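Worth saying up front: this structure is predicted, and the values here are computed from it rather than measured. Computed over heavy atoms, backbone and side chain alike; hydrogens, waters and symmetry mates excluded.
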Amino acid sequence: MFKGIRIGAVVPALNEEESIGLVIRDICAQQNSDGTQIVDDLVVCDNGSTDSTSRVVSEAGATLVSDRKKGYGRACLTAIEALRERSPGVVVFMDGDHAFDARDISEMLHSIDRGADLVIGSRTLGNCEPGALTMSQRIGNKVATILIGLLWGTPITDLGPYRAIRSTALDRLCMQDEAFGWTVEMQVKAIKMDMRIVEIPVNTRVRVGRSKISGTLKGVILAAIGILSKIIQLRVFDPSTSSSKIR
């Protein structure tokens with residue numbers, strides 16, 4: 001698969017010492033038919049952890065970068081910057097809480113190989129363990145996806161953070177959001193640019209540890225505000241470009 005094209009992976013992490021080693025192990029265990037690793041370069045951004053996340057990442061063999069300015073999108077942007085010199089043709093995004101199954105990476109890349117620019121791993125279409133998604137997550141995701149469908153005429157089922165994108169497409173998106181609007185920004189901009197977007201079902205399990213978003217009332221409120229405000233912003237005007245390119 002993708003002979004001659006490097007596959008990079010980005011994992012943002014905040015206080016994930018219990019799970020991040022499992023995530024790195026699972027990603028590195030994915031192999032092509034010839035026995036080589038599917039993912040060539042794995043970068044984890046420690047987004048200001050106060051536990052042993054950084055140590056676990058280093059010991060597990062992934063590339064570690066740090067950015068203490070908090071924000072999901074900020075961590076992704078920092079990791080993307082670290083991938084630039086490796087020149088991957090495709091970038092996979094996965095959370096560091098071990099909620100996702102790394103075996104689904106292969107199907108994501110098959111979709112890219114068949115012509116997709118952006119592949120979204122849909123938790124809604126896949127198998128979801130009881131308790132893997134809280135009621136607030138389900139309701140928030142439903143409201144946001146319906147709103148996006150109404151505003152841009154493109155039905156989607158999930159804003160899931162598990163995704164893969166061509167680097168050329170990522171260049172064009174000029175990602176900017178440093179917080180909870182990251183996933184919305186990527187999907188809506190891709191829709192507006194008429195990119196080929198594919199959703200595939202992915203398996204979701206109960207995360208390891210407590211969620212920084214859905215695990216607290218403050219996190220839920222901030223995420224909801226961030227997502228809805230980003231949708232409104234993207235509807236009203238096109239954000240100016242910034243440097244998230246992979247050369």
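Considering all non-hydrogen atoms of both residues, Trp182 and Gly73 come closest at CE3-CA, 3.6 Å. The shortest non-hydrogen separation linking Ile156 to Thr145 is O-CB, 3.5 Å.
Panel note: side chain Asp46, backbone Leu14; no donor-acceptor pair is recorded below 3.5 Å. Between the side chain of Gln187 and the backbone N or O of Val184 there is no donor-acceptor pair closer than 3.5 Å.
Rounding to the nearest 0.5 Å places CG of Leu170 at 10.0 Å from NZ of Lys189. Going from atom CG of Asp177 over to atom NZ of Lys230 covers 4.0 Å, rounded to the nearest 0.5 Å. The structure places CZ of Arg205 at 12.5 Å from CG of Asn127, a figure rounded to the nearest 0.5 Å. With rounding to the nearest 0.5 angstrom, the CD atom of Glu199 is 9.5 Å from the CZ atom of Arg163. Rounded to the nearest 0.5 angstrom, Leu42 CG and Thr63 OG1 are separated by 7.0 Å.
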Decide side chain to side chain contact (heavy atoms under 4.5 Å, CB included) for Leu133 and Arg123; before the verdict, give the C-alpha distance in whole Å, the side-chain angles of both, and the deciding distance to 0.1 Å. CA-CA 9 Å; Leu133 292 175; Arg123 299 164 294 184; 3.7 Å; yes
Steps toward side chain to side chain contact (heavy atoms under 4.5 Å, CB included) verdict (Asn203, Tyr162): CA-CA 10 Å; Asn203 298 314; Tyr162 195 11; over 6 Å; no
For Met94 and Ile105, what are the C-alpha separation, side-chain angles and deciding distance, and is it a side chain to side chain contact (heavy atoms under 4.5 Å, CB included)? CA-CA 9 Å; Met94 180 190 286; Ile105 291 175; 4.1 Å; yes
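Summarising the local packing, CZ of Arg103 is surrounded by 12 or fewer heavy atoms from other residues, nucleotides or ligands at distances under 6.0 Å. The neighbour count for Arg114 CZ, taken as heavy atoms of other residues, nucleotides or ligands under 6.0 Å away, is above 12.
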